[in-house]
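Working notes, beginning with the structure itself.
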Amino acid sequence: MIITIDGPAGAGKSTAARRLADLLGFELLDTGAIYRAVTLAARQKNVAPEDDASLKHLLDQTRIELRPGEVLLDGEDVSSEIRTPEVTAAIQGFADSRLVRKIVTEKTRQLARGRSVVTEGRDQGSDVFPDADCKFYITASDEVRAARRHAELLAKGIRIGISEVLSSQRQRDLQDASREVGKLVCPAGAIVIDASRLSEDEVLTKLIEYLPRGIRPLDPRDHVKSLANDYLSQGDPLGWFDALYASAHRDTSKIPRADRRPNEHLMDWLDRQRIVGDGKSALVVGC
Ligand code: C5P
């Protein structure tokens with residue numbers, strides 16, 4: 001099952017895609033993060049976007065992984081590095097490269113194979129998954145998008161003027177819309193959402209409203225199980241707490257508490273410690 005969300009930078013599609021994926025129990029493919037990781041890797045090795053031979057060699061040797069809330073480059077978490085203004089400014093050359101687009105498109109299709117995903121980018125509903133089950137195009141006015149990006153950068157401690165953000169955004173829009181392959185377009189059959197006057201919650205509500213029959217948000221308990229399984233399979237048994245609380249956005253109905261059965265990990269631990277629980281009570285503290 002594939003849901004695509006495309007749109008220009010700063011329209012709020014990343015947040016919407018993440019929240020929708022969480023609610024449906026789908027995986028999130030942030031393809032912008034892949035283009036960013038490619039750019040970072042190339043900059044680290046001084047490979048120019050026009051140098052196809054070196055780029056191919058580099059990308060053959062480089063492992064890019066998307067994890068919930070993390071982007072790994074050869075195993076190293078580069079989630080912050082890929083979002084610096086320097087990387088953002090350098091992306092276009094790599095995003096314009098036919099070779100890079102081919103490799104990233106193949107990787108994205110491979111990541112989605114046999115899975116239920118929400119995939120986010122510029123060309124997901126048009127070029128990468130033209131037969132997706134559901135396509136959205138989220139947009140917003142230039143000024144609203146620039147103001148949001150500006151606030152995000154400030155929150156990360158990156159000091160930059162709003163007019164600079166607006167002009168670099170216009171530059172990016174132009175480049176995204178005019179590249180030869182994989183350009184930003186509203187895909188055929190996509191549902192268009194203008195988020196200029198909508199809050200994040202309202203965008204999410206609209207997405208859910210327009211989902212085809214048969215795709216429904218998970219029951220909160222199944223949502224927790226799916227998150228926990230994702231993190232357990234990555235060897236991070238506690239990571240899902242943060243993801244759960246973040247995705248609930250303070251809505252406590254999304255955080256099911258006790259399910260009135262002993263936690264299987266507690267039972268395992270008690271067994272291993274040879275602690276007999278008969279007649280005793282246990283308090284498991286979490287946060
Ligand atoms: O979405 P984000 O702003 O992180 O994407 C970074 C850049 O990667 C975009 O400006 C765009 O040029 C490029 N991109 C792309 N195709 C995609 C996703 C992102 O060309 N599917």
Side-chain angles (χ1 to χ4, degrees), residues 2-21 28-43 49 55 59 64 66 69-71 73 78-112 117-130 132 135-140 142 144-146 148-153 156 158 160 165-187 190 195 203:
I2 293 179
I3 299 176
T4 62
I5 302 187
D6 291 298
K13 52 179 198 322
S14 302
T15 307
R18 182 176 37 75
R19 291 185 66 186
L20 185 66
L28 174 66
L29 295 183
D30 173 359
T31 59
I34 306 180
Y35 283 97
R36 287 173 179 277
V38 167
T39 306
L40 179 67
R43 277 168 62 85
L55 256 181
L59 296 178
I64 296 172
L66 298 182
E70 273 181 356
V71 181
L73 191 60
V78 291
S79 315
S80 308
E81 285 92 324
I82 60 168
R83 302 200 185 272
T84 58
E86 293 74 28
V87 169
T88 302
I91 287 175
Q92 292 309 327
F94 296 95
D96 284 349
S97 150
R98 281 175 182 269
L99 175 80
V100 170
R101 294 213 81 85
K102 185 165 173 281
I103 293 174
V104 175
T105 297
E106 272 164 17
K107 183 176 176 64
T108 311
R109 288 183 181 146
Q110 188 192 329
L111 286 172
V117 297
V118 174
T119 177
E120 179 229 322
R122 305 291 188 285
D123 56 350
Q124 300 301 288
S126 52
D127 285 359
V128 184
F129 300 107
K135 301 179 190 180
F136 291 104
Y137 186 82
I138 302 185
T139 185
D142 287 5
V144 166
R145 293 191 288 124
R148 285 184 192 154
R149 193 60 115 192
H150 185 235
E152 272 170 28
L153 290 171
K156 285 184 193 148
I158 300 172
I160 182 169
V165 176
L166 186 60
S167 75
S168 86
Q169 177 186 280
R170 288 199 166 128
Q171 179 69 18
R172 269 218 286 166
D173 284 353
L174 187 68
Q175 281 165 325
D176 280 348
S178 54
R179 68 170 55 98
E180 284 175 24
V181 196
K183 67 172 158 213
L184 172 67
V185 286
C186 177
V203 173

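We count residues from 1, following the sequence as given. We count ligands from 1, going down the list as the structure has it; atoms in each ligand are counted the same way.
Side-chain atoms of Lys107 come within 3.5 Å of backbone N or O of Ile64 as a donor-acceptor pair. Under the 3.5 Å distance criterion, the side-chain polar atoms of Arg101 are matched with a main-chain donor or acceptor of Ala95.
In this comparison of Arg172, Arg36, Gln171, the heavy atom closest to atom 10 (O) of ligand 1 sits on Arg172. When the options Arg122, Gln169, Gln124 are ranked by their closest heavy atom to atom 2 (P) of ligand 1, first place goes to Arg122.
Note: no N/O pair closer than 3.5 Å links Tyr35 and ligand 1 by distance alone. Looking at Arg179 next to ligand 1, an N or O pair under 3.5 Å apart turns up.
When hydrogens are left out, the protein atom nearest atom 21 (N) of ligand 1 is Asp123 OD1, 2.8 Å; that is the closest non-hydrogen contact. Protein heavy atom nearest atom 12 (O) of ligand 1, with residue, atom name and distance: Asp176 OD1, 2.6 Å. With respect to atom 5 (O) of ligand 1, the closest heavy atom belonging to the protein is Gly32 CA, 3.4 Å. The nearest heavy-atom contact from the protein to atom 16 (N) of ligand 1 is Arg101 NH2, 2.9 Å.
In this structure the side chain of Thr108 reaches within 4.5 angstrom of the side chain of Gln124, judged on heavy atoms. You'll find the side chain of Glu81 stays beyond 4.5 Å of the side chain of Glu86, heavy atoms only. Ile160 has its side chain within reach of His150: a pair of non-hydrogen atoms, C-beta onward, lies under 4.5 Å apart. With contacts defined as side-chain heavy-atom distances shorter than 4.5 Å, the pair Leu66/Val71 qualifies. Within the 4.5 Å cutoff, side-chain heavy atoms of Arg172 are placed close to those of Thr88.
For Asp142 and Arg145, the salt-bridge test passes: some basic side-chain N is under 4.0 Å from an acidic carboxylate O. Salt bridge status for Arg109 with Glu106: absent, with no side-chain N to carboxylate O gap under 4.0 Å.
Shown in contact with Gln92 at under 4.0 Å from a heavy atom are these atoms of ligand 1, numbered in order with element: 10 (O), 12 (O). Close approach to Arg149 involves these atoms of ligand 1, each under 4.0 Å from a residue heavy atom: 3 (O). Interface of Arg83 with ligand 1, defined as ligand atoms under 4.0 Å from a residue heavy atom, comprises 4 (O). In the vicinity of Ile91, heavy-atom distances shorter than 4.0 Å reach the ligand 1 atoms 6 (C), 7 (C), 8 (O).
Assignment of Gln175 to the shell around ligand 1 is not supported, since no heavy atom sits closer than 4.0 Å. Under a 4.0 Å heavy-atom criterion, Lys183 is not in contact with ligand 1.
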